[in-house]
Every structure is written in C-alpha cells, then in structure tokens.
Number of protein chains: 2
Amino acid sequence: MDELVDADEVLNARDRGKKRHRRQLLDATSEAIYLYGVRGATIDKIHEISGLSRGMISLHFQSKENLLKAVAKDLADEYTQNWQESVIASHEGEPVERLNSLIAADLSPAVLNERNIAIWFSFRAEVNSHPEYRHYVNSRDSEFRVALLGIFRGLISDDPDRDAEAKLATNTLTALLEGMWTDFHLNPKNFDRDEAQRACLYVARSFFPDNFEPQPPLDIQ
Amino acid sequence: MDELVDADEVLNARDRGKKRHRRQLLDATSEAIYLYGVRGATIDKIHEISGLSRGMISLHFQSKENLLKAVAKDLADEYTQNWQESVIASHEGEPVERLNSLIAADLSPAVLNERNIAIWFSFRAEVNSHPEYRHYVNSRDSEFRVALLGIFRGLISDDPDRDAEAKLATNTLTALLEGMWTDFHLNPKNFDRDEAQRACLYVARSFFPDNFEPQPPLDIQ
DNA sequence: CTAAAATGAATGACCGTTCATTCAAAGTCA
DNA sequence: TGACTTTGAATGAACGGTCATTCATTTTAG
C-alpha cells in the first residue's frame with residue numbers, strides 16, 4: 001500500500017510514530033470532508049479532529065493540496081484492495097459466482113459507507129478544476145472494469161463474435177453500480193443492499209440469458 | 001419559475017435590469033463552480049466572470065450561501081422543466097414510446113452537459129455538511145421517479161400483483177441513469193449518448209419482456 | 001550528544017460582508 | 001411635456017475574520 005514503508009516490524013519507534021501520524025492525518029481529513037465538506041475541511045478542523053499539531057500537515061504532506069491528493073489515493077487503494085480480495089476468493093468459481101462476488105464487493109459496507117461515499121463525491125465534484133483527482137475516482141480507468149469484462153467474456157466462452165455484447169454489459173453494469181452508489185449517498189437510510197445486489201445480477205443476467213442457469217423469476221419481497 | 005416576477009412585460013426597466021443581473025449572477029456562479037470548484041468559486045471570481053460588482057451578490061441574495069442555494073434550485077428547476085416537456089410531448093403515446101422519450105430527456109445535452117453535471121456533483125458532494133442542498137439534488141425526491149413508475153405501471157396494465165416489479169424496475173432504471181450521468185461526468189469525451197440510451201431501454205425491456213413488442217436483438221455497432 | 005520529529009505562534013494572503021456614496025430610473029406636479 | 005424630487009439599484013473601498021504556510025523553538029528517539 002505505502003511504497004515508502006512496507007512492514008511495521010522493520011521500523012523503529014520513531015518511524016512507527018511517523019507512519020501512525022500519517023494515517024491519523026488521512027483519517028482526520030476524511031472525517032473532516034465527511035462532516036464539513038471539502039470547503040469546510042480546513043487545517044484547523046483536521047488539527048482538531050486528529051489531535052495533532054497544525055504544523056504536522058506540512059511536515060508530512062508539504063501542503064494541504066498534497067494531503068487531499070493522498071486522501072484520494074488512499075480511498076482508491078482501499079476500494080481496489082476490497083474488490084481484488086473478492087476476486088481472489090472466488091477465482092476458482094464459475095463466472096456467475098465470480099460476478100455475484102464482484103457485485104457484492106462493490107456494494108459491501110467496507111467501501112459503500114456514508115463517509116467513503118461522501119469523499120468519493122467530493123473528489124469527483126472537482127475533477128474539472130483539479131485534474132489530478134480524476135485518475136483516482138474514475139471507474140473507467142479502474143481495473144474493476146477489466147475484471148468485470150473478463151467475467152462476461154467467460155460467460156460467452158470468449159466467443160469473439162459476442163465481444164461487443166460483453167463490452168456493452170460491462171459498461172451497463174458499471175453504470176448501474178455507480179448509480180447504486182449515488183442512490184446510497186443521497187438516501188443512505190432507505191438504501192437496500194440486497195435489492196441493489198439482486199437488481200445488478202438481474203440486469204447482468206438479462207444480457208446473457210442463455211449463459212446463466214435457467215433464470216429464476218424476479219424474487220420480490 | 002420565479003415566484004417574484006412572472007412576466008417580463010409587466011416589469012419596468014429597473015426591474016428588468018434587476019432580473020437580468022440576478023440571472024447573470026446565477027450563471028456566473030455556475031461557471032465559477034465548473035471552472036474552479038465550489039472551493040474556488042469565490043465572490044471575487046463570480047464578480048470577475050459576471051462583470052458585476054462584488055456588492056451585488058449581497059444585494060440580490062443577502063449572502064453567498066443563499067446564492068449557492070439559488071444555483072442549486074435553478075439547476076433542479078431546469079432539470080425538471082426539461083423532462084416534463086418530454087412527458088407533455090409524448091403523453092398520447094404508448095408506454096414504450098413515453099419511456100423512450102423520458103430516457104432521451106434525461107440524457108439530453110440540455111441537462112446532461114459538462115457544466116451542469118459538474119454542478120450537480122458539487123452540490124451532491126455537500127449534502128451531509130449542507131443538508132439544505134439535498135432536496136434539490138436527490139433523484140428519489142424527484143417527480144421524475146413518479147413519472148417513470150407511471151410508465152412501468154402502464155406497461156403491466158396497472159396489475160396490482162406486479163406492482164413490486166414496476167417499483168424495482170423504477171429503482172433500477174433510475175440508478176442506471178444516475179450511473180450514466182456519472183460516466184459522462186468522468187469521461188465526457190468517451191461518452192456515447194446513443195449507447196447509453198440503448199442500454200437503458202434494453203434494461204427496461206428486460207424487466208417486462210412480454211409487454212414490449214417482440215424484443216429485437218441487441219443492436220451493436 | 002545528535003538528529004529528526006513535532007510544535008504552535010506569527011505571518012501575509014484572501015475570504016465574505018458591510019455601508020457610505022453614486023447614479024439612473026420612476027414618480028410628481030405645473 | 002419638461003423640471004424637480006424621490007426611490008432604490010449599484011458600486012467598491014474598507015473591515016474583521018479565517019485561511020494555509022512558515023520557521024524558530026522544543027521534545028524525543030537513537
């Protein structure tokens with residue numbers, strides 16, 4: 001995750017403290033963005049939430065802009081790690097099982113929670129004025145898409161004549177998942193993870209009706 | 001649209017000027033948010049873009065926060081007007097035609113353009129810290145959803161036993177459209193409106209395969 | 001003892017808001 | 001209609017507060 005310091009055990013007390021403070025700053029900044037918006041996430045607020053001195057931000061990140069960029073990277077890394085773990089866990093399974101697992105990862109509270117989503121939206125809001133954020137928050141750039149496409153190609157047994165279908169299904173499902181995130185962000189109390197999961201799987205199935213096991217009827221409560 | 005002044009012709013020169021300046025401030029603020037983010041959309045920048053004096057913001061909106069709120073309302077009103085016009089234009093048609101028209105409205109450049117979407121995202125980013133924005137940017141609160149549900153209920157001939165299906169389809173299609181907006185925001189250059197429209201219609205169809213005309217094969221370029 | 005980490009008061013830039021002043025249009029009356 | 005008064009829109013310099021950053025000093029681990 002962190003290129004500079006990989007393993008805690010090789011670090012002395014001083015470096016462990018430094019690493020811990022770095023993390024505290026990242027977490028406090030996330031919290032400040034969640035609570036007060038990017039506009040309200042001032043050095044003073046971060047200092048207040050973290051309990052660390054005001055000067056420590058410059059010490060660790062040189063500037064506040066650098067800190068914000070590090071928060072974006074941290075968020076993106078956390079997201080990637082989450083879905084990749086699900087890919088590893090299900091990599092022996094059938095495409096349908098892997099698909100189910102990947103969608104579940106994307107809707108999991110580990111990544112889809114109020115604080116994280118507020119921060120995604122904060123950075124996404126500024127991709128035009130701060131191009132350096134774009135790469136971290138762009139689902140098209142994400143390897144997630146590639147993983148999804150791989151599953152769909154598996155569903156059609158890599159038939160090159162149907163590759164366009166796999167790509168369209170990938171685009172559609174990515175968009176649907178993005179929309180679920182938006183719905184969660186705006187209506188966290190009403191959001192139903194299970195319904196979202198079922199809807200995504202249902203849509204994925206509808207693209208490849210012959211390649212799934214016989215389609216069960218829409219399971220509605 | 002504006003509760004205070006309805007028709008230009010009843011206004012004198014002074015009030016027309018006032019109305020024009022109000023609009024200039026809203027537009028300049030949108031532009032500033034698009035170019036510099038909410039953080040960078042300062043009074044100075046708005047003054048610079050609009051060519052109007054710094055003091056005019058307080059004069060028209062009392063405070064900058066009020067101005068931002070007015071921009072959010074303006075955006076929401078513009079959005080609502082756009083899809084409602086499409087509903088009026090197609091209200092005599094079959095459900096499928098109305099659905100097609102409603103989706104097209106949601107993907108139309110009139111609302112789905114880089115500046116507008118950047119502003120949607122900016123306000124959505126702050127719904128936790130600025131609850132007053134939520135109502136304007138929440139698709140669940142929107143009458144759009146109600147219109148969509150009405151169309152789906154038409155597709156199932158208002159069969160009460162299938163109402164849950166209509167609701168699920170409404171939620172799914174709303175999410176899909178939200179996701180299309182996100183994709184457009186992050187990748188405006190690669191975004192394909194026609195593909196998005198086809199994907200949405202395809203998903204809608206897949207919920208009610210028997211209620212559409214015989215399903216054509218996925219039309220892929 | 002040395003060197004790096006941590007501190008936080010000081011600094012200057014920039015923020016939104018205020019308000020005394022200017023200016024032009026609307027209203028009034030002969 | 002033309003001269004004068006009233007009204008309120010518009011201005012922008014000035015103000016106090018807040019921002020991110022700096023750096024001389026203190027603390028602490030090696």
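Quick note on labels: first sequence line is chain A, next is B, and so on, each numbered from 1. In this text, all values refer to a predicted model and were calculated from it rather than measured experimentally. Both backbone and side-chain heavy atoms feed into the values below; hydrogens, waters and symmetry mates do not.
- When rounded to the nearest whole Å, the span between CD1 of Ile46(B) and P of dT17(C) equals 10 Å.
- Using a cutoff of 4.0 Å between basic side-chain nitrogens and carboxylate oxygens, Glu178(B) and Arg124(B) are scored as salt-bridged.
- Taking atom CZ of Arg16(B) as the reference point, atom P of dA25(C) lies 11 Å away to the nearest angstrom.
- Sorted by first and then second residue, the salt bridge (charged side-chain N to carboxylate O under 4.0 Å, His left out) pairs involving residues 55-71 of chain B (not counting sequence neighbours) are Arg39(A)-Glu65(B).
- As a whole-Å value, the separation of Leu25(B) CG from dA9(D) P is 14 Å.
- Interatomic distance, OG1 of Thr29(A) versus CD of Gln24(A), reported as 11.0 Å (0.5 Å rounding).
- Considering only residues two or more places apart in sequence or on other chains, Tyr133(B) meets the ring-ring contact (aromatic ring centres under 6.0 Å, His included) condition with Phe123(B), His130(B).
- The side chain of Lys64(A) sits closest to dT21(D) out of dG16(C), dT21(D), dA25(C).
- For the pair Lys19(A) and Asp15(A), the salt-bridge criterion is not met [side-chain N within less than 4.0 Å of a carboxylate O].
- The distance from atom CG of Asn66(B) to atom P of dG16(C) is 14 Å, rounded to the nearest whole Å.
- Residue Phe61(B) contributes atom CZ, which lies 14 Å from atom C1' of dA9(D) at whole-angstrom precision.
- Asn138(B) pairs in a side chain to side chain donor-acceptor pair (under 3.5 Å) with only one of the listed residues (Asn187(A), Asp183(A), Thr182(A)), which is Asn187(A).
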Return a single string for nucleotides 2-13 of chain C, one symbol per nucleotide in 5' to 3' order, where B is base contact, S is sugar-phosphate-only contact and - is none, cutoff 4.0 angstrom on heavy atoms.
-BBSBBB-----
